[in-house]
Q: 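Please find one structure pasted underneath; my questions will follow.
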Amino acid sequence: MTQTGFELRAQDGKARTGVIRTTRGEIRTPAFMPVGTAATVKAMMPESVASTGADILLGNTYHLMLRPTAERVASLGGLHRFMNWDKPILTDSGGFQVMSLAGLRKLTERGVTFKSHIDGSKHEITPERSMEIQALLGSDIVMCFDECPALPADRERIAESMRMSMRWAARSREAFGDRPGHMLFGIQQGGLEQDFREESAEALKEIGFDGYAVGGLAVGEGQGAMFSCLDFAPDMLPQDKPRYLMGVGKPDDIVGAVARGIDMMDCVLPSRSGRTGQVFTRHGVLNIKNARHQDDPRPLDENCSCPACRGYSRAYLHHVFRSQEIISSMLLTWHNLQYFQDIMACMRDAIAAGTFDAWQADFHAGRAEGDI
Ligand SMILES: Nc1cc(N)c2c(=O)[nH][nH]c(=O)c2c1
Ligand SMILES: [Zn+2]
């Protein structure tokens, strides 16, 4: 069994680069995780996701527990076999999506009962059930069951929620047990409050985890508030373990988070926006449905190696988007995922070379505001 672990290889200011070792391969950090919600990264074949440079993808416990169910995935060989992805998978705990997607939710100290958004069936998820589901799925990195308070929230609510999440983290750790070759990450909560973030970090370190996520952000607080929190929250977590910022984000969010010591991120943005015609490039964002692209023979990005940029014009991509052709989602998703992975690769190289500040300045200088 491969020894799992994290090797920090270089640091440039607070920015870090390293490798997370798992039984299914290494994850180069800083890493961006494409989201494979229902056992698929929408509009992408697994081998296409791998070709963009992704070393790991994220699976959603909430969706998979409802359909096709974790028990069925386990009976078919686990999530890797089921979705034909043999690299690492991180699964979230289901807690965040239950609170944002399910109906008739009832939250108690025990956990959350809810009605499925698919067929209205009743379900319960607790720290123990979340660990059981993630074990059935067979993910390499398991997330603690936690609660993420909606912002804005007053200090009393944030403290109460964070302290319950810390009790749930202890229950998650207990239920996870001893699973060689699998990693369990704790999730720091505490809103934007430095004292609560410290209390949460101390509680998690006391329990002990293989990695530590910064939760409770990317929930509408805005980039400025998120960065202000990231100016202190990651530093409270162990230096020698991976730090994972959940649900982030736009390219400039990602760069700013890496600059503040974050090692891993996930976000639906590149795949979801690919389906809506929003395209990320090194010169900024464009919307392919805009009529000004209909005669443009240029690729989306002359420096991109993806099939959309190697084989098609903006005019063609405008046409197939407006015609609602399936290839539109395929090509635009592929391009966006490739661009996000290219940013991660550039940052890893810049941190290793000690040139991250110069790279970051170049990144921001190259981006126009608005459509390009
Ligand atoms: N933005 C966020 C996205 C997420 N998937 C999560 C989560 O799964 N757990 N806890 C969190 O705080 C959280 C925040
Ligand atoms: Zn491209």
Side-chain angles (χ1 to χ4, degrees), residues 32-38 40-54 57-58 218 222-223 247-258 265-350 358-372:
F32 179 81
M33 297 184 279
V35 176
T37 298
T40 165
V41 178
K42 292 180 179 12
M44 294 288 285
M45 299 289 286
E47 50 269 38
S48 309
V49 176
S51 78
T52 65
L57 62 76
L58 181 142
Q223 188 185 76
V248 172
K250 301 191 306 303
D252 53 344
D253 295 333
I254 289 170
V255 172
V258 169
M265 282 153 282
D266 83 274
C267 193
V268 294
L269 184 63
S271 38
R272 181 176 294 170
S273 57
R275 299 193 300 280
T276 64
Q278 187 178 43
V279 177
F280 294 90
T281 80
R282 63 205 74 232
H283 303 303
V285 182
L286 68 84
N287 211 312
I288 202 64
K289 63 185 168 191
N290 191 314
R292 64 192 181 83
H293 300 299
Q294 63 186 347
D295 297 307
D296 192 334
R298 296 175 300 158
L300 293 172
D301 186 333
E302 63 283 355
N303 295 305
C304 180
S305 63
C306 86
C309 295
R310 283 202 319 267
Y312 302 91
S313 66
R314 292 182 184 204
Y316 176 80
L317 295 168
H318 171 80
H319 161 66
V320 290
F321 180 84
R322 296 295 286 249
S323 312
Q324 297 182 331
E325 291 294 337
I326 293 169
I327 195 173
S328 174
S329 292
M330 294 166 65
L331 291 172
L332 297 183
T333 299
W334 197 326
H335 168 79
N336 282 345
L337 289 174
Q338 184 66 67
Y339 175 60
F340 274 57
Q341 293 302 337
D342 287 351
I343 293 175
M344 307 316 290
C346 286
M347 288 196 285
R348 293 192 292 261
D349 292 346
W359 180 87
Q360 196 177 191
D362 183 51
F363 168 83
H364 287 295
R367 305 172 62 74
E369 290 303 317
D371 245 359
I372 51 170

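All residue numbers in this chain count up from 1 along the given sequence. All values below were derived from every heavy atom in this structure, side-chain atoms included, with hydrogens, water molecules and symmetry-related copies excluded.
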Q: Please examine the side chains of Trp359 and Asp349, heavy atoms only from C-beta on, and report whether any two atoms are closer than 4.5 Å.
A: no
Q: Would you say the side-chain atoms of Asp296 pair up with the backbone N or O of Ala315, donor to acceptor, closer than 3.5 Å?
A: no
Q: Would the number of heavy atoms belonging to other residues, nucleotides or ligands and lying under 6.0 Å from CZ of Arg275 be above 12?
A: yes
Q: Just to verify, which of Cys306, Ser48, Pro307, Cys309 counts as forming a side-chain contact (heavy atoms from CB on, under 4.5 Å) with Gln338?
A: Cys306
Q: For the side chain of His293 and the backbone of Asn287, is there at least one donor-acceptor N/O pair under 3.5 Å apart?
A: yes
Q: From Thr52 OG1 over to Met344 CE, what is the distance, rounded to the nearest 0.5 angstrom?
A: 12.0 Å
Q: Could you go step by step and tell me if Gln223 and Asp252 meet the side-chain contact (heavy atoms from CB on, under 4.5 Å) rule?
A: CA-CA 9 Å; Gln223 188 185 76; Asp252 53 344; 3.5 Å; yes
Q: Any side-chain heavy-atom pair from His319 and Gln294 closer than 4.5 angstrom?
A: no
Q: Taking C-beta and beyond as the side chain, do Met265 and Val258 meet within less than 4.5 Å on heavy atoms?
A: yes
Q: Verify, without hydrogens or angle tests, whether Gln341 (side chain) and Phe32 (backbone) share a donor-acceptor contact under 3.5 angstrom.
A: yes
Q: Start with the C-alpha gap between Leu331 and Tyr316, add the side-chain angles, then the distance that decides, and say whether side-chain contact (heavy atoms from CB on, under 4.5 Å) holds.
A: CA-CA 11 Å; Leu331 291 172; Tyr316 176 80; 4.2 Å; yes
Q: More than 12 non-hydrogen atoms from neighbouring residues, nucleotides or ligands closer than 6.0 Å to CD on Glu47, yes or no?
A: yes
Q: Answer with yes or no after comparing the ring centroid distance for Tyr339 and Phe280 against a 6.0 Å cut-off, counting only values under it.
A: no
Q: So, does Arg282 use its side chain to make a donor-acceptor pair with the main chain of Phe363 at under 3.5 Å?
A: no
Q: Flag the pair Val248 / Cys267 as yes when at least one side-chain heavy-atom distance between them is below 4.5 Å, and no otherwise.
A: no
Q: Grab the two heavy atoms, one from Ala308 and one from Leu300, that are nearest each other, plus how far apart they are.
A: CB-CD1, 4.5 Å
Q: Return the minimal non-hydrogen interatomic distance between Leu269 and Gly249, and the atom names on each side.
A: CD2-O, 3.9 Å
Q: Between atom CG of Asp301 and atom NE2 of His335, what is the distance when rounded to the nearest 0.5 Å?
A: 5.5 Å
Q: In Å and rounded to the nearest 0.5 Å, what is the CG to CZ distance from Asn290 to Arg322?
A: 8.5 Å
Q: Can you name the closest pair of heavy atoms from Pro34 and Leu337 and give their distance?
A: CB-CD2, 4.0 Å
Q: Judged by atom type as modelled, is there a donor-acceptor pair below 3.5 Å linking the side chain of Ser323 to the main-chain atoms of Glu325?
A: no
